[in-house]
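Shown next, in structure tokens, is the structure this report addresses.
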Amino acid sequence: MKLPESFYERTNVVKIARELLGKSLFTKVDGVVTGGMIVETEAYSWKERGCHAYGGRMTARNKIMFDGGGHAYVYLCYGVHHLFNVVTNREGIADAVLIRALEPIAGLKEMKRRRGELQNPIHLTSGPGKLTKAMGIDRNFNGKFLLNHDVWIENIGETVNSKHIVVSERIGIDYAREDAMLPWRFTVKGNKWVSK
DNA sequence: GCAATGATTTACT
DNA sequence: GTAAATCATTGCC
């Protein structure tokens with residue numbers, strides 16, 4: 001069952017990031033469905049420095065974040081990797097959740113093909129740049145709505161016990177100064193697919 | 001440990 | 001208009 005638009009439109013992006021653990025992200029590219037359960041997320045908000053839209057600054061790149069909840073924000077990082085975000089909150093408010101890792105469920109063969117046959121399955125989706133490549137996500141997905149037929153998030157009935165959710169600081173955003181220490185990263189405890 | 005890599009942003013003329 | 005600095009990472013040394 002796909003998550004309804006109302007799930008994304010809530011105002012507490014940190015809460016949404018936490019609740020996305022155990023949900024599943026799917027894409028359909030070239031007629032092949034690939035996807036996995038979300039095991040690692042990070043929350044971003046215009047109110048803190050780690051966010052591209054810090055202070056409500058809108059640019060050609062991040063304008064998708066100002067759309068209503070439920071849109072996909074995909075962008076190129078380090079000139080090499082695509083990162084996948086879920087836009088939350090109401091139109092005009094730039095909050096988003098970065099999907100950092102998945103546990104593969106569907107389309108394993110296709111994901112291995114995209115990542116290279118010799119890859120250990122553990123490395124298929126255990127990082128934000130890896131999972132986008134495995135699922136065929138690129139900038140063409142920027143601005144897509146997550147109730148579409150080619151990219152969506154489902155509740156597959158998995159529930160992650162709150163005792164198994166680990167809260168920590170976000171990764172790779174030292175430039176955000178004091179906001180880099182916010183406990184806005186959520187991982188599933190003991191899951192092999194969580195990035196290191 | 002660190003180079004690769006390019007879109008985006010900012011700082012200039 | 002052009003140019004330089006920056007970056008929510010990965011994979012190979």
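Proteins come first, then strands; the chains are lettered A, B, ... in the order of their sequence lines, and each starts at number 1.
In this structure, A:His52 places its NE2 atom 11 Å from P of B:dT10, rounding to the nearest Å. Separating the CG atom of A:Leu76 from the P atom of B:dA4 is a distance of 17 Å, rounded to the nearest angstrom. The nearest whole Å value for the distance from the CG atom in A:Leu124 to the P atom in C:dT10 is 13 Å. Taking atom CZ on A:Arg177 and atom P on C:dC7, their separation rounds to 13 Å, with Å as the unit. The distance between atom CG of A:Asn85 and atom C1' of C:dC7, rounded to the nearest whole Å, is 14 Å. One atom, CD1 of A:Ile173, and another, C1' of C:dT9, lie 14 Å apart when rounded to the nearest Å. When the C1' atom of C:dT9 is taken as reference, atom CD of A:Glu40 falls 13 Å away, rounded to whole Å. The distance from atom CD1 of A:Ile137 to atom P of C:dT9 is 16 Å, rounded to the nearest whole Å.
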A:Asn191 vs A:Glu103, side-chain hydrogen bond (donor to acceptor under 3.5 Å, both in side chains): CA-CA, chis, key distance, verdict: CA-CA 8 Å; A:Asn191 189 289; A:Glu103 178 177 332; 2.9 Å; yes
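Under the 4.5 Å side-chain contact rule for hydrophobic residues, A:Leu25 and A:Val32 do not share a cluster.
Among the heavy atoms of the strands, none lies under 4.0 Å from A:Arg185. Looking at heavy-atom distances under 4.0 Å, A:Arg100 makes contact with sugar-phosphate atoms alone, never a base. Using a 4.0 Å heavy-atom cutoff across all strands shown, A:Gly50 reaches at least one base atom of the nucleic acid. Residue A:Arg115 is classed as a sugar-phosphate contact, given heavy-atom separations below 4.0 Å to backbone atoms only.
Listed nucleotides B:dG6, C:dT10, B:dT9 differ in distance to A:Thr59; the shortest reach to its side chain belongs to B:dT9.
Both A:Arg139 and A:His81 sit near DNA chain B, but only A:His81 has its closest nucleotide nearer the 5' end. Annotation: of the two residues near DNA chain C, A:Gly172 and A:His123, the 5′-most nearest-nucleotide partner is A:Gly172. Residues A:Cys51 and A:Lys130 both approach DNA chain C. Their nearest nucleotides, taken by heavy-atom distance, put A:Cys51 toward the 5′ side.
Look at B:dT5: it lacks any Watson-Crick or wobble partner with both distances under 3.5 angstrom.
Ring-plane geometry between A:Tyr75 and A:His52 is classed as perpendicular, the angle between the planes exceeding 60 degrees on a 0 to 90 degree scale with a lower cut at 30.
Applying the 4.0 Å criterion to OP1 and OP2 of B:dT10, one finds that A:Arg57 has a side-chain N or O inside that range. Put simply, A:Tyr78 has a side-chain N or O that comes within less than 4.0 Å of OP1 or OP2 on C:dT9.
For the atom pair CG of A:Asp95 and CE of A:Met65, the computed distance is 7.0 Å after rounding to the nearest 0.5 Å.
Taking every heavy atom of both residues into account, A:Ser126 and A:Ser195 meet most closely at O-CB, 3.3 Å.
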